[in-house]
Enquirer: 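Before we start, here is the structure in question, set down as structure tokens.
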There are 2 protein chains.
Amino acid sequence: MSDGRAAQVYGGESLLFLTDEQLRQGIEAMFFAYRGFTADPDRILGKMAYGRAHHRAVHFINRAPGTTVNNLLAILGVTKQSLNRVLRTLISDGLVESRVGTVDKRERHLFLTESGLKLEQELSDAQRARMRAAFRDAGPEAVAGFKQVLEAMMDADMRRAYIKLRDGA
Amino acid sequence: MSDGRAAQVYGGESLLFLTDEQLRQGIEAMFFAYRGFTADPDRILGKMAYGRAHHRAVHFINRAPGTTVNNLLAILGVTKQSLNRVLRTLISDGLVESRVGTVDKRERHLFLTESGLKLEQELSDAQRARMRAAFRDAGPEAVAGFKQVLEAMMDADMRRAYIKLRDGA
DNA sequence: CAGCATACGTCAGCCTTGTTGACATTCCAA
DNA sequence: TTGGAATGTCAACAAGGCTGACGTATGCTG
């Protein structure tokens, strides 16, 4: 795997960007950047009785209102018990509404209430502000590359979910 | 914050890449990609008594052999109690060696043992393989942009740590 | 030298968030 | 009508964060 000989020429194109050193830089960049990525919402959530898991649930419910629990489960990649614990508090606190499905009454469709929307706004405003600053600093071409690499890094399932959300649910 | 009017022209340059929609895509890309980023090492660690925290410790000890506990603390951004719990198991399992400092005897310098190196290799091989595939798929320009955006997304402290590691400790 | 600061380890207790396993309910569909 | 799917819930547990408190060894400074 780690042969250290990636700095070869293949098909006439230099592969210097695939050296172990370059890859390590990419790994550490992901690690440090993800910390920044979650820092602002975490700070806000820390003041309440909520955590990152609540943020994620609220984000994706806002993103796809009326989504079912199973749907959310697949996107978040956690067990129903884990998600349920989070949803229970959000529902009892009046941030999320759970409506029984009309066509399939087994399903629950999830929606944000007024206060749920307000929390989502507060959290995503903070996260977007950082993302906006980073995007502006780096410029449009860098942003395109950023998205391209991240998309290539996803598992196939996650890539499908990502694209579906991106291109309109 | 979220004014939806980011699609304006500023200084003669289109800022279409700074719309809320673009920012949201970036946020979701980070979320889904980070899952992929940690998936392979997590799978390996799941078979042992170790977790992601052990991976991080081992990674940075390998990266900067002889680093002190305080140093590692700053990089990882956790409390000494949290780190100590991880280090204790790694040391007692013989993956990490802790040597009393020569110039300052209060400090402990951390090194990977043979088996520590072996684990680190196994984990980072898996992680590098995915990163390599993503880099290759996306191409050199995309990789440059990827790193640029991630660097801009970091907190100032983390950016300093990242650059220090990148440009040689 | 005395006293304060620093580096580290450790104990105890708490929280969030993930896991598995078991079981009840409801309801669609074959 | 019966099996399976979707959901909810209880219990127990583990990882890995956190705070607070305390102890020890060492280094620095007045």
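Residue numbers start from 1 in every chain, and the chains themselves are labelled A, B, ... in the order their sequence lines are given, proteins ahead of strands.
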Enquirer: With the threshold set at 4.0 Å, does a side-chain nitrogen-carboxylate oxygen contact exist between B:Asp20 and A:Arg128?
Expert: yes

Enquirer: Could you pick out which residue, B:Asn84 or A:Ser82, lies toward the 5' side of DNA chain C when each is mapped onto its nearest nucleotide?
Expert: B:Asn84

Enquirer: Measure from NZ on A:Lys47 to C1' on C:dT16 and round the result to the nearest Å.
Expert: 19 Å

Enquirer: Specify the separation, in whole Å, of atom NE2 of B:His54 and atom C1' of D:dA15.
Expert: 9 Å

Enquirer: Quick one: label A:Arg88 by what it contacts on the DNA or RNA (base, sugar-phosphate, nothing), any heavy atom closer than 4.0 Å.
Expert: sugar-phosphate

Enquirer: Could you tell me how far apart B:Lys105 (NZ) and C:dA7 (P) are, to the nearest whole angstrom?
Expert: 17 Å

Enquirer: Are B:Arg35 and B:Asp42 close enough for a salt bridge, meaning some N to O gap below 4.0 Å?
Expert: no

Enquirer: Does A:Val100 reach a base, just sugar-phosphate, or nothing at all? Heavy atoms under 4.0 Å.
Expert: nothing

Enquirer: Of the candidate nucleotides D:dG8, C:dG9, D:dA6, which contains the atom at the shortest distance from the side chain of A:Asn70?
Expert: D:dA6

Enquirer: Tell me if the side-chain of A:Arg106 makes a donor-acceptor pair with the base of C:dT26, cut-off 3.5 Å, by modelled atom types.
Expert: no

Enquirer: Could you check whether A:Phe60 and B:Phe31 have their ring centres less than 6.0 Å apart?
Expert: yes

Enquirer: May I have the distance from A:Lys80 (atom NZ) to D:dA5 (atom P), rounded to whole angstrom?
Expert: 12 Å

Enquirer: Looking at A:Lys118 and A:Glu114, is any side-chain nitrogen of the basic one under 4.0 Å from a carboxylate oxygen of the acidic one?
Expert: no

Enquirer: Given atom NE2 of B:His55 and atom P of D:dG17, what is their separation to the nearest angstrom?
Expert: 13 Å

Enquirer: Quick one: A:Arg99 CZ to D:dG8 P, roughly how many Å, whole number?
Expert: 15 Å

Enquirer: Assess whether one donor atom and one acceptor atom, taken from the side chain of B:Arg85 and the base of D:dG17, lie less than 3.5 Å apart.
Expert: yes

Enquirer: Of the nucleotides D:dT26, D:dG8, C:dC8, which has the atom closest to the B:Arg108 side chain?
Expert: C:dC8

Enquirer: With respect to the side chain of B:Gln81, which nucleotide from C:dA5, C:dT17, C:dC11 is positioned closest?
Expert: C:dC11

Enquirer: Relative to each other, are the rings of B:Phe37 and B:Tyr34 parallel, tilted or perpendicular (30° and 60° limits)?
Expert: tilted

Enquirer: Nearest whole Å is fine: how far is C:dT17 C1' from A:Leu45 CG?
Expert: 13 Å

Enquirer: Among the nucleotides D:dT26, D:dT19, C:dT20, which one has an atom lying closest to any side-chain atom of A:Thr79?
Expert: C:dT20

Enquirer: Return the value, rounded to whole Å, for the distance between atom CZ of B:Arg52 and atom P of C:dG18.
Expert: 10 Å

